> 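I'd like to ask you about the structure that follows.
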Amino acid sequence: MHRALHPRSMGYVDLAQFQTLSPGSRMEHAQFGRLEGFTEIRRATAVVMGPDSAATTRWGLEGSYQTGGWTSDLYLVSPPELNRQQSSWSAGLAGSSQDLSLYGAAGFHHASRTQWRGPAGYIDGPVSNGGWGFLRWKRGGLRALVDADGIQNGRLAWLPDPEAFRPQVRWFWPQVEGSLGWVRSDANPWSEGDAVAGDLRVPILDDRVMVRLDAGGDGFHFLQVGSSIDPQGMVGLDLTWAVRDDQAYPGARLRLPVFTLSVNDPDEWYAHGNSNRLVWSLRFVMTWEDGQTMYAPGRRPIPGEPSP
Amino acid sequence: MKIWSMLAVFCLQGCLLDLYGGDPRVQMRNRCGTYRVEELRAGDPDQPAWSRVFDVPVDSGKVSEVVDLPMAGDLRMSVRLVSVSGGDTVVPFALSTDVGGFVQVDVWEDAQRHPVLRY
């Protein structure tokens, strides 16, 4: 659940590019065979709430658009001649109430059929439609994605305390968070089957260092150690050790104001299910919120969380 | 100025492939006496989606120019041969190549003078 989705948030913008840096993305082409190449995906997501920052009850809109897929080479402007692309978008409504400590959003998601372009181009696969929703009440959270085949994944979460705290007085329990849920096989980036999955994050040094463990019924997923240089959590470094298919995937995520640069970020795998050995992502995240929010005055959420 | 504009175009067109050796390449070597290698194809052998006719047909004992393939992976390829009597023969084969890879494909003939590919 994106950390910018809480009752005091006015919304956020999240622009991301996700790509593999080594060849290995294998994709079946009806004419040419099983092709080796790269994956490049671009995504834009935004939530805008209103009417203004003084309102205790707000309503808003959510929208996102994603495009990309397999390519024979990476690109900056337009994909190379031979590529496989899929576009998807979502739209939804959001509402929040500070008096009730409540935030909720729900919407619709559509994914187009995949299209091979270039020599022997053709359209492949079915259209996919589904719904999504999440709810946050005080420290409790619920997220679910559904489609025509049923529930794709769902999570119950215990989220960080949204009220400001002073690290000198108490810093452990307000920051503890965890989740438990279930993911269907086609949406599971860690194994081939359906699985129960969950994660646990605990701070180990004030609001500066935290540890996150992610695992499920299919075994260990990853361990992440996150550190923040500033008390607002805008600048920091997260190091990850992930294991999938008996292979290790070390990763790193550098958080800067507004920008997040990462290599082998497991949160991106949740979104894209990529299995390449070397995956790079760049995200531009801006959130709008009033002064007293999240952990401490002026503290902003940590980017890098899965978006709906 | 010219160099910077070339670099800009290079980046816009994609550059990562070149870091791994570029497009995969294939070279044909003709080791049979009754066929001449004329064309390399990818996709359906009869209606290929991609093909490359050799500038100079590859006669017996000769090698072709090196051809850049537009894709890497486990490919469905075929080669069109022309016999000394003038008849065309298309021989399909599976070719596995990585990005930046190079494969040399030898064209032989068996005891019945049928074309056979080895790589």
Side-chain angles (χ1 to χ4, degrees), chain A residues 17-42 67-85 114-124 261-264 272 274-282, chain B residues 3-26 39-53 67-80 90-103 105 117 119:
Chain A
Q17 173 151 323
F18 166 95
Q19 60 205 39
T20 58
L21 292 183
S22 62
S25 301
R26 294 263 173 170
M27 195 63 63
E28 189 70 34
H29 189 285
Q31 274 247 15
F32 294 130
R34 193 162 178 78
L35 306 184
E36 179 185 69
F38 303 86
T39 297
E40 184 166 328
I41 295 174
R42 298 175 178 181
T67 185
W70 185 96
T71 67
S72 57
D73 195 2
L74 297 184
Y75 59 94
L76 191 61
V77 178
S78 56
E81 186 182 10
L82 184 61
N83 64 88
R84 181 179 186 265
Q85 300 284 302
T114 56
Q115 182 177 9
W116 275 103
R117 297 174 183 164
Y122 64 98
I123 295 177
D124 184 25
L261 314 172
S262 61
V263 175
N264 289 349
H272 305 292
N274 191 274
S275 61
N276 193 275
R277 295 276 318 162
L278 191 59
V279 174
W280 157 266
S281 64
L282 166 67
Chain B
I3 292 177
W4 287 114
S5 61
M6 288 174 60
L7 279 176
V9 171
F10 178 70
C11 290
L12 289 172
Q13 292 295 329
C15 55
L16 200 61
L17 196 69
D18 292 333
L19 294 177
Y20 291 98
D23 292 321
R25 294 158 295 158
V26 174
E39 184 182 3
L40 183 65
R41 298 174 170 183
D44 187 289
D46 296 322
Q47 292 183 317
W50 177 89
S51 67
R52 171 71 179 272
V53 177
V67 175
D68 287 344
L69 294 177
M71 57 275 174
D74 301 322
L75 308 176
R76 300 190 193 102
M77 306 289 296
S78 55
V79 60
R80 182 171 65 85
V90 176
V91 181
F93 64 102
L95 183 68
S96 185
T97 176
D98 299 327
V99 168
F102 172 78
V103 180
V105 180
L117 300 180
Y119 44 91

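What you see is a predicted model; the values in this text were computed from it and never measured. Atom set for the values below is all heavy atoms of this structure, side chains included, hydrogens, waters and symmetry mates excluded. Convention: sequence-line order gives letters A, B, ...; per-chain numbering from 1.
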> Who among B/A72, B/G100, B/G43 has the most heavy-atom pairs with chain A under 4.5 Å?
B/A72

> What is the minimum heavy-atom distance between B/A42 and A/F32, and which atoms define it?
O-CE2, 3.7 Å

> Among B/V99, B/L75, B/T97, which residue meets the side-chain contact (heavy atoms from CB on, under 4.5 Å) test with A/E36?
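In the set B/V99, B/L75, B/T97, the residue that makes a side-chain contact (heavy atoms from CB on, under 4.5 Å) with A/E36 is B/V99.
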
> Hey, does the side chain of A/Q31 reach the backbone of B/P48 with a donor-acceptor pair shorter than 3.5 angstrom?
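Not a single qualifying donor-acceptor pair exists.
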
> Roughly how far apart are B/M71 CE and A/E81 CD, rounded to 0.5 Å?
10.5 Å

> Heavy atoms only, distances under 4.5 angstrom: which of A/G33, A/A120, A/P79 has the most pairs with chain B? Name it, please.
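Heavy-atom pair counts peak at A/G33.
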
> Heavy-atom pairs under 4.5 Å with chain A: which of B/A94, B/S96, B/A49, B/P70 has the most?
B/A49

> Distance-only, no hydrogens or angles: does the B/R76 side chain make a donor-acceptor pair with backbone N or O of A/A30 under 3.5 Å?
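Yes: the side chain of B/R76 pairs with the backbone of A/A30.
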
> How long is the span from the CG atom in A/L35 to the CG atom in B/D74, to the nearest 0.5 Å?
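Spacing of CG (A/L35) from CG (B/D74) equals 9.0 Å.
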
> Relative to chain B, which segment of A/E28 carries a heavy atom at a distance below 4.5 Å: side chain, backbone, both, or neither?
side chain

> Check whether B/D98 gets within reach of chain A through its side chain, its backbone, both or neither, counting any heavy atom under 4.5 Å.
both

> Hey, what do you get for CH2 (B/W50) to CG (A/L82), rounding to the nearest 0.5 Å?
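Nearest 0.5 Å value for the CH2-CG distance: 12.0 Å.
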
